[in-house]
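Below you'll find the structure, written out as structure tokens, and then a few comments.
Just follow the structure's listing: the first ligand is 1, and inside any ligand the first atom is 1. When a residue number appears, it is its place in the shown sequence, counting from 1.
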Amino acid sequence: METTLVLLKPSCVQRGLIGEIINRFERRGLQITGMKMMQLDDEILKKHYSHLVDKPFFPSLAASMKTSPIVAMALTGVEAVQVVRGMTGFTNGRRADPGTIRGDYSVSNQQNIVHASDSPESAKTELERFFQPEEIYTYNHALQGYLYGVGEAN
Ligand code: TYD
């Protein structure tokens, strides 16, 4: 089992898509193991987007991420990082495949609805950044035997 971080960005919150996007993850079979609303500030955004701080679009990216609270989610499943990235789609919503979240709900490179961790290593770092350990829950998934085949989820 793997846990990954998803942020529902202000573009998701403000457009009234929180429920719709959460529904997609639940319908896919991912288990929600942490979820909260947060107001981001420059301190956390500089860490979260440390690979982009020198890019010309960083100031507008940081500003866009502060325009409203976001929803932070921990999603758990087998190979959850890869499963969720696949659902998220290409960064630029205009080029994201239909059927992905960005390809279905976004026409923007920046206002692209969701963030999702891009590797197991960044998922670990990002989960620690956005959640206290006690805010992530381990609990039995009642439908586990119908989500995965025998031996698949060990
Ligand atoms: P990045 O980590 O490259 O992509 P992803 O979110 O798909 O992992 O970029 C982080 C965010 O930065 C991206 O979701 C939106 C923003 N961004 C821009 O605003 N302009 C750009 O040209 C790029 C590449 C990203």
- For L61 and M65, run side-chain contact (heavy atoms from CB on, under 4.5 Å): C-alpha distance rounded to whole Å, both residues' side-chain angles, the deciding distance at 0.1 Å, then the answer. CA-CA 6 Å; L61 170 63; M65 291 294 288; 4.3 Å; yes
- Task: Locate the shortest heavy-atom distance separating Q39 from S68; write the atom from each residue and the value.
- Result: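 Where Q39 meets S68 most closely, the heavy atoms are OE1-C, 3.5 Å.
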- Taking atom types as modelled and ignoring hydrogens, do the side chains of N112 and S108 form a donor-acceptor contact shorter than 3.5 angstrom?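 Looking only at side-chain atoms, S108 and N112 do not form any donor-acceptor pair under 3.5 Å.
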- Side-chain donor-acceptor pair present, Q111, S106, cut-off under 3.5 Å: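 Distance-only check fails for Q111 and S106.
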Please list the nearest protein heavy atom to [atom] with its residue and the distance rounded to 0.1 Å.
atom	value
atom 8 (O) of ligand 1	R85 NH1, 2.9 Å
atom 15 (C) of ligand 1	N109 O, 3.2 Å
atom 9 (O) of ligand 1	L52 CD1, 3.4 Å
atom 24 (C) of ligand 1	F57 CZ, 3.9 Å
atom 6 (O) of ligand 1	R102 NH2, 3.1 Å
atom 7 (O) of ligand 1	T91 OG1, 2.6 Å

- Take R102 and D97, measure what salt bridge (Lys or Arg N to Asp or Glu O under 4.0 Å) needs, and give me the verdict at the end. CA-CA 8 Å; R102 287 166 171 170; D97 289 334; over 6 Å; no
At under 4.0 Å between heavy atoms, which part of [X] makes contact with ligand 1: side chain, backbone, both or neither?
X	answer
L61	side chain
N112	side chain
D118	neither
H48	neither
M65	neither
K9	side chain
H51	side chain
Y49	side chain

Can I get a per-line list of side-chain donor-acceptor pairs under 3.5 Å for residues 70-83, giving both atom names and the distance, sequence neighbours left out?
from: T76; atom 1: OG1; to: T3; atom 2: OG1; distance (Å): 2.8
from: T76; atom 1: OG1; to: T33; atom 2: OG1; distance (Å): 2.8

- Query: Hey, are the side chains of M38 and I44 touching, using non-hydrogen atoms and a 4.5 Å cut-off?
  - Reply: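 The answer is yes; the side chains approach within 4.5 Å.
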- Examine distances only and state if a side-chain atom of T67 and a backbone atom of A63 form a donor-acceptor pair shorter than 3.5 Å.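 Such a contact is absent between T67 side chain and A63 backbone.
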- With sequence neighbours excluded, residues passing ring pair (Phe, Tyr, Trp, His ring centres under 6.0 Å) with F130: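 Partners of F130 by the ring pair (Phe, Tyr, Trp, His ring centres under 6.0 Å) criterion, ordered by chain and then number, come out as H48.
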- Salt bridge flag under 4.0 Å for residues K47 and E43: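 Answer for the salt bridge query: yes.
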- Please confirm whether Q111 comes under 4.0 Å of ligand 1, counting heavy atoms of the residue only.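 No heavy atom of Q111 comes that close to ligand 1.
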- Sub-3.5 Å N/O-N/O distance, Q110 and ligand 1: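 Min N/O separation from ligand 1 is below 3.5 Å for Q110.
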